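Okay, structure first, notes after.
Keep in mind the model is a prediction, meaning the values are calculated, not measured. Worth knowing before you read on, the calculation uses all heavy atoms, side chains too, and leaves out hydrogens, waters and symmetry mates. In this chain, residues are counted from 1 in sequence order.
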Amino acid sequence: MKKIILLMIVVSSLFVVNNLQAQKKETKTVCFKSSMDCKNCEKTLTNYLSFEKGVKNLKVDLETNTILVEYKEGKSSDETIAKAIKKKGYDANKISLEEYNKITKKEPEKTN
């Protein structure tokens, strides 16, 4: 009986450690200059990218032809997001957050 209780404690502690490690994954932001030319392009990319693994926040802007994606590290990567954009037939030229803010004329966002 003591062995069973000890085993249950060990297994439950492993679950706790695993959950703590999962919570430590940071959110990363990547920005792209794209080649959209109509509202349907914007809608297509928004719908498609919102289902990419790890995506937490997404801003697709036709007016400035920019895409901002926040995703969980370990679930996705800059390259994976770029491939998804290209798969739909659009350019995915990576730009810095500073360039994105300049193009969209926004105040700089805090980065991690």
Side-chain angles (χ1 to χ4, degrees):
M1 186 67 174
K2 288 182 183 180
K3 289 182 181 181
I4 293 173
I5 292 173
L6 182 60
L7 181 63
M8 291 176 68
I9 291 171
V10 169
V11 169
S12 63
S13 65
L14 288 174
F15 283 119
V16 170
V17 169
N18 189 27
N19 284 338
L20 289 175
Q21 288 177 345
Q23 291 175 357
K24 289 182 182 179
K25 291 182 181 174
E26 296 290 324
T27 325
K28 188 170 179 194
T29 303
V30 64
C31 306
F32 297 97
K33 187 80 171 145
S34 193
S35 58
M36 299 172 280
D37 57 10
C38 67
K39 277 288 194 192
N40 283 333
C41 297
E42 182 181 50
K43 185 178 178 181
T44 297
L45 279 173
T46 300
N47 291 338
Y48 187 71
L49 293 175
S50 64
F51 288 103
E52 274 298 303
K53 195 172 189 179
V55 171
K56 296 296 171 196
N57 189 17
L58 175 66
K59 294 177 187 168
V60 180
D61 185 28
L62 172 63
E63 186 177 318
T64 59
N65 242 337
T66 57
I67 303 166
L68 179 136
V69 182
E70 289 180 30
Y71 64 90
K72 269 194 167 176
E73 281 185 306
K75 295 277 185 179
S76 194
S77 69
D78 295 0
E79 294 79 22
T80 304
I81 302 294
K83 283 180 187 176
I85 295 168
K86 290 176 183 176
K87 184 177 180 180
K88 282 298 181 183
Y90 303 99
D91 291 340
N93 301 315
K94 189 174 171 182
I95 58 174
S96 70
L97 186 58
E98 290 77 24
E99 289 175 287
Y100 173 84
N101 287 328
K102 188 176 179 181
I103 292 168
T104 59
K105 296 182 176 99
K106 293 183 178 182
E107 293 298 314
E109 296 181 14
K110 291 183 180 178
T111 58
N112 298 342

Hey, could you give me the [atom1]/[atom2] distance between [X] and [Y], rounded to the nearest 0.5 Å?
X	Y	atom1	atom2	result
Lys28	Lys72	NZ	NZ	16.0 Å
Lys75	Thr80	NZ	OG1	13.0 Å
Leu62	Cys41	CG	SG	7.5 Å
Lys83	Ser77	NZ	OG	7.5 Å
Cys31	Ile67	SG	CD1	10.0 Å

Donor-acceptor pair, side chain of Asn65 and main chain of Lys33, under 3.5 angstrom: no
Any residue meeting side chain to side chain contact (heavy atoms under 4.5 Å, CB included) with Ala82, in chain and number order, not counting sequence neighbours: Phe32, Ala92
Residue list, side chain to side chain contact (heavy atoms under 4.5 Å, CB included) with Glu99, at least two apart or on another chain: Ile95, Ser96
For [X], which residues count as a salt bridge (Lys or Arg N to Asp or Glu O under 4.0 Å) partner, sequence neighbours excluded?
X	answer
Asp37	none
Lys39	Glu42
Lys94	Asp78

Going by atom type alone, with no hydrogens or angles, which donor-acceptor pairs under 3.5 Å involve a side-chain atom of residues 48-57 and a protein atom two or more places apart or on another chain?
unit_1, atom_1, unit_2, atom_2, d
Ser50, OG, Thr46, O, 3.2
Ser50, OG, Asn47, O, 2.9
Asn57, ND2, Glu70, OE2, 3.4

side-chain hydrogen bond (donor to acceptor under 3.5 Å, both in side chains) partners for Thr66, two or more places apart: Thr64
